[in-house]
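Keep in mind it's a predicted model, so treat the numbers as computed, not measured.
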Amino acid sequence: MRNISFVVLAVLLVVALGIALWRAHLRTRRSADVTWDDLLKRLTWIDRNAIATIALDVINESGEPLPHGDGFTLESDAIWNLLGGLDGLETMQRNCQVLVDLATYVQRFHPEALVVAENLRLNAREIQWHVERLRGAARTGNLRATFDTYAQRAVVSYYLMTRNVLHLYSLFNCPHLAELQQTI
């Protein structure tokens, strides 16, 4: 009986690893076929000034936190209005994947861009976590009470993601930099 359990677990592990490898392979093939225009079409418009206003309430232009007591001055209603509520955050979250794909696009020509792409993936996961917390709060009727905390932190991460993508494109003198600066 013990041997059968071991074999079943080993087979399940091999199947799970196989599925993970297959998904990674499909994702790599899809990203290799993506064109610049495809990436830009996937971006949804977000008010860059609103994002900057919310983010710069917590951090300075270089991304460093503001001195103690200087940040987090925006009220929850102001953040809600600037973002467009939970819908605006969800749009921002969808754009995160496009930002990761933009870094992956550069990585095709400059393999050293891998580090930036991986950091963007981590930032996107962080934003997803914040948005999921807010969705949960909306289901329990606590959205307004927690919106400013999670939303502002998500916006700061998104703002830094956009700065990192722009920096990556400028670092490698990518021909699409000007267009990207107008888009994100």
Side-chain angles (χ1 to χ4, degrees), residues 24 27-28 30-32 34-66 71-74 78-135 146-184:
R27 185 174 41 232
T28 302
R30 272 194 310 250
S31 69
V34 172
T35 66
W36 174 256
D37 291 330
D38 292 337
L39 288 171
L40 286 186
K41 286 178 189 173
R42 288 181 34 217
L43 271 175
T44 304
W45 182 84
I46 295 177
D47 185 353
R48 291 180 294 171
N49 293 329
I51 296 294
T53 299
I54 296 167
L56 296 176
D57 182 50
V58 179
I59 60 173
N60 61 25
E61 287 285 335
S62 64
E64 297 296 318
L66 293 177
F72 295 100
T73 59
L74 283 176
I79 296 170
W80 179 272
N81 292 331
L82 285 167
L83 277 178
L86 192 54
D87 292 337
L89 270 176
E90 289 172 342
T91 299
M92 190 180 70
Q93 180 187 358
R94 286 189 300 275
N95 278 353
C96 285
Q97 184 56 50
V98 182
L99 294 175
V100 171
D101 291 344
L102 284 166
T104 303
Y105 183 81
V106 172
Q107 187 183 340
R108 287 186 205 168
F109 314 106
H110 304 282
E112 55 274 21
L114 171 70
V115 174
V116 175
E118 289 303 317
N119 283 334
L120 291 173
R121 281 185 186 89
L122 291 173
N123 294 138
R125 296 289 294 173
E126 177 188 346
I127 291 170
Q128 179 183 6
W129 185 85
H130 289 303
V131 172
E132 286 173 0
R133 291 301 158 280
L134 289 169
R135 283 185 193 129
T146 59
F147 186 79
D148 57 342
T149 302
Y150 290 116
Q152 195 159 29
R153 285 184 166 86
V155 170
V156 167
S157 292
Y158 182 80
Y159 176 81
L160 293 174
M161 285 178 76
T162 60
R163 301 299 105 198
N164 287 335
V165 169
L166 289 172
H167 178 71
L168 178 69
Y169 273 69
S170 68
L171 187 67
F172 293 113
N173 295 319
C174 295
H176 302 294
L177 177 61
E179 189 177 4
L180 189 60
Q181 286 172 327
Q182 294 175 347
T183 306
I184 60 171

Between V131 and Q93, the two heavy atoms sitting closest are CG1-OE1, 3.2 Å
Report yes if the side chains of W80 and F147 come closer than 4.5 Å at any heavy-atom pair, otherwise no.
yes
Taking all non-hydrogen atoms of both residues, which atom of L74 and which atom of I54 are closest, and how far apart?
CD1-CA, 3.7 Å
Between R163 and Y159, is NZ or CZ placed under 6.0 angstrom from the six-membered ring centre and within 45° of the ring axis?
yes
Tell me whether E90 is salt-bridged to R135, with the criterion being a basic N under 4.0 Å from an acidic carboxylate O.
yes
Locate the shortest heavy-atom distance separating L134 from A151; write the atom from each residue and the value.
CD1-N, 3.9 Å
Rounded to the nearest 0.5 Å, the CG atom of L160 sits from the CG atom of N119 at a distance of 11.5 Å
Test: side-chain hydrogen bond (donor to acceptor under 3.5 Å, both in side chains). Region: residues 38-55. Which pairs qualify, not counting sequence neighbours?
T35-D38, R42-D101
So how far is it from L120 CG to T162 OG1, rounded to the nearest 0.5 Å?
10.0 Å
How close do M161 and I127 get, counting heavy atoms only, and between which atoms?
SD-CD1, 3.7 Å
V106 and side chain to side chain contact (heavy atoms under 4.5 Å, CB included): which single residue from V116, L168, V165, L114 fits?
L168
Apply side-chain contact (heavy atoms from CB on, under 4.5 Å) to R133 and T146, showing your working.
CA-CA 9 Å; R133 291 301 158 280; T146 59; over 6 Å; no
Under 3.5 Å: donor-acceptor pair, side chain of N60, backbone of L66
no
Between S157 and N123, is any side-chain donor less than 3.5 angstrom from a side-chain acceptor?
no
For I46 and Y158: C-alpha separation, side-chain torsions, deciding distance, then whether side-chain contact (heavy atoms from CB on, under 4.5 Å) applies.
CA-CA 11 Å; I46 295 177; Y158 182 80; 3.7 Å; yes
Who are the side-chain contact (heavy atoms from CB on, under 4.5 Å) partners of W36, not counting sequence neighbours?
L40, L102, Y105, Y169, H176, E179, L180
State, to 0.1 Å, how close A113 and A103 come at their nearest heavy-atom pair, and which atoms those are.
CB-O, 4.3 Å
Roughly how far, to the nearest 0.5 Å, is CD of Q97 from CG of L43?
11.0 Å
Nearest 0.5 Å, please: how far is CG in L82 from CG in D57?
10.0 Å
State the SG-CD distance between C96 and E126, to the nearest 0.5 angstrom.
9.5 Å
Hey, what do you get for CD1 (I79) to CZ (F72), rounding to the nearest 0.5 Å?
9.0 Å
Any donor and acceptor pair, going by atom type alone, linking the side chain of Q181 with main-chain N or O of L166 inside 3.5 Å?
no
Could I get the full list of side-chain hydrogen bond (donor to acceptor under 3.5 Å, both in side chains) partners for R125, not counting sequence neighbours?
Q128
Heavy atoms only: give me the nearest V100-A117 pair and the separation to one decimal.
CG1-O, 4.3 Å
Side chains of R121 and L99: closer than 4.5 Å at any heavy-atom pair?
no
